[in-house]
Amino acid sequence: MKDFLLNDEDRAFRQDVRTLLHNELTPRAAEIEDHEDWGAVKAVVQALGQAGYLALMFRDLYHGPLSAPGLTHATILSEEAAAINYAFETTIATAISCAYPLHHYAQHSIRDRYLRGIVDGSEVGAICVTEPNIGSDSSGMETSIQYDSQTDEWIINGFKRYISNASVADTYIVYGISNPDVVPQKGMSAVVVPKATAGIRFPRNYTFMGRRGCIVGEVEFRNCRVPADHLLGRRDEGFRIMLSMFNFERVILGGSGLGVARSAFAIATDHAQERISFGQKLGCKQLIWDKIAQMSWRIDSAELITYRAAKLYDAGALSPKELMKPASMAKLVSTETANFCADQTVQILGGDGLTKEFGRAEQIYRDARALSIVGGTSEMVKYLIASIDLPHIKPNL
Ligand SMILES: Cc1cc2nc3c(=O)[nH]c(=O)nc-3n(C[C@H](O)[C@H](O)[C@H](O)COP(=O)(O)OP(=O)(O)OC[C@H]3O[C@@H](n4cnc5c(N)ncnc54)[C@H](O)[C@@H]3O)c2cc1C
């Protein structure tokens, strides 16, 4: 049975999301993929914001029909969007990830100023963690966030790379070291930096093999100054803020992987039932059955594990530490499933799987590859999972 973790309201919501995406995203998907059309991405972000879908994680801001909006619904949104165009979905997933610390940790005036635009879709946000010398291991972070008591401002200096929405964002959540005399986990802070801040630069955007249409690039901060109230949470609390984001971000990535896997599977099953080879439909061959069956059970497993994590999160009964394993498993299983399905679909399609002229299999194959790297690589989330199962052993990273 599919999606039995979801209730009738969740399913009705999925139907509403599908309708909106069918009207807004499907007609623009080719523009986004072929021309990396940011205007098309932005138009769909606005449509989702106006429909209230970017406020799903924030019950006090949500004004739609759902009785208890939450991560389950944000994950459904991601799954449905990624099934149509994963690049687009990354833009909204980043926006929600940026909105989360603003909602939970910003002072009221700052929250009102920067969150509203992200949630109503008129603005987008970016999260700035990764640097040239730090990726999986954030302990060597070099960006500094220093307090200037004379002007009552934070001064940000640093270079961030691989930042989704880099040059097109309006608001940046920036992580950096505020106390270099202690370990980074205890000396990191997070600040809100609006785009208009003097000293912010966007040296370049990258050209990726997939996710075309999602702008990812570098952001440089040179003596950028923001008022003291732009600090999120307390001084030196940045690492904890960063960790608090990961649980829900990884469940949403579970939804992204699921959407990508589902769209690959649909192409594979259609082709297997249509293509004639050796006088029979390709789908009659046992080796093809094996591929279809493997995709099918992996997608069902990913779905169960992802929505289990989302439901656990929404129930609110588990601590962030207890949620870490189910959320990490959702990310790992779904993103590996997306890669598996994308690869097997190309194989089932043969030459047609490699060409733009015969459909989306090649695009899905290129898009899927990022999923096991972003938001914590597969290796890193495996460490997190095993660290719960082996509580008395510290992994040798
Ligand atoms: C498309 C895209 C969008 C992104 N968007 C953002 C964003 O919006 N904001 C942001 O801050 N960052 C973003 N990132 C950065 C992303 O989070 C990092 O790429 C990711 O965390 C991995 O870091 P890295 O690329 O430096 O790889 P590294 O950390 O250098 O790792 C390289 C490889 O080594 C493996 N590895 C590392 N350490 C170990 C170990 N101890 N044991 C075993 N294996 C190990 C990793 O798993 C990986 O396979 C984005 C990246 C991409 C590709």
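Just the heavy atoms: all of them, side chains too, but no hydrogens, waters or symmetry mates, feed the values below. Counting starts at 1 for both ligands and their atoms, following the listed order. Just so you know, these numbers come straight off a predicted model, no measurement behind them. Throughout, residue positions are numbered sequentially from 1 according to the sequence presented.
Protein heavy atom in closest approach to atom 31 (O) of ligand 1: Ser136 OG, 3.8 Å. Atom 41 (N) of ligand 1 has its closest protein heavy atom at Leu397 O, 3.2 Å. Summary of contacts: the protein heavy atom closest to atom 26 (O) of ligand 1 is Gly135 CA, 3.2 Å. For atom 2 (C) of ligand 1, the nearest protein heavy atom (residue, atom name, distance) is Val374 CG1, 3.4 Å. With respect to atom 6 (C) of ligand 1, the closest heavy atom belonging to the protein is Tyr162 O, 2.6 Å. Here the protein heavy atom with the shortest distance to atom 49 (O) of ligand 1 is Glu379 OE1, 3.5 Å.
When hydrophobic clusters are built by joining Ile, Leu, Val, Met, Phe, Trp and Tyr residues whose side-chain heavy atoms come closer than 4.5 Å, directly or via intermediates, Val374 is grouped together with Val260. Hydrophobic cluster membership is shared by Ile215 and Ile32, with clusters built from Ile, Leu, Val, Met, Phe, Trp and Tyr side chains linked at under 4.5 angstrom. In the hydrophobic cluster analysis, where Ile, Leu, Val, Met, Phe, Trp and Tyr join through side-chain heavy atoms closer than 4.5 angstrom, Ile76 is grouped together with Leu371.
For residues 242-289, every residue pair satisfying the ring-ring contact (aromatic ring centres under 6.0 Å, His included) rule, not counting sequence neighbours, is listed here: Tyr100-Phe248.
In this structure, Tyr383 has a heavy atom closer than 4.0 Å to ligand 1.
At a distance under 4.0 Å, a protein heavy atom can be found next to atom 10 (C) of ligand 1. For atom 35 (C) of ligand 1, the nearest protein heavy atom lies 4.0 Å or farther away.
The ligand atoms of ligand 1 that sit less than 4.0 angstrom from a heavy atom of Ile163 are 7 (C), 8 (O), 9 (N), 10 (C), 11 (O). Under a 4.0 Å criterion applied to the non-hydrogen atoms of Phe208, ligand 1 contributes the atoms 1 (C), 53 (C). Contact atoms of ligand 1 toward Ile373: 19 (O), 20 (C) (distance under 4.0 Å to a heavy atom of the residue). Numbered from 1 in the order shown, with element, the atoms of ligand 1 that lie under 4.0 Å from a heavy atom of Ser164 read 3 (C), 4 (C), 5 (N), 6 (C), 7 (C), 8 (O). Atoms of ligand 1 lying under 4.0 Å from at least one heavy atom of Met380, given by number and element, are 36 (N), 37 (C), 38 (N), 39 (C), 40 (C), 41 (N), 45 (C).
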Sequence neighbours excluded and cut-off under 3.5 Å, please list the side-chain donor-acceptor pairs for residues 343-351, or say none.
unit_1	atom_1	unit_2	atom_2	d
Thr345	OG1	Ala264	O	3.1
Thr345	OG1	Cys341	O	2.7

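In this model, a donor atom of one side chain and an acceptor atom of the other lie less than 3.5 Å apart for Thr72 and Asp314. Residues Ser189 and Tyr147 have side chains that never bring a donor and an acceptor to within less than 3.5 angstrom of each other.
For ligand 1, the polar-atom distance check against Ile134 finds no nitrogen or oxygen pair separated by under 3.5 Å. Note: an N/O pair closer than 3.5 Å links Thr130 and ligand 1 by distance alone. The shortest N/O to N/O separation between Ile127 and ligand 1 falls below 3.5 Å.
A salt bridge between Glu123 and Lys195 is absent, with no side-chain N of the basic residue lying under 4.0 Å from a carboxylate O of the acidic one. A salt bridge links Arg240 with Glu237: at least one charged nitrogen is closer than 4.0 Å to a carboxylate oxygen. A salt bridge links Glu79 with Arg14: the closest approach of a Lys/Arg side-chain nitrogen to an acidic carboxylate oxygen falls below 4.0 angstrom. Salt bridge absent: Arg113 and Asp229 never bring a charged side-chain N and a carboxylate O closer than 4.0 Å.
Side-chain contact check for Thr90 versus Ser256: every heavy-atom pair is 4.5 Å or farther apart.
The residue Lys160 has no part lying near ligand 1, judged by heavy-atom distances below 4.0 Å.
Taking each of Thr377, Asp367, Asn396 in turn, the one with a heavy atom nearest to atom 46 (C) of ligand 1 proves to be Thr377.
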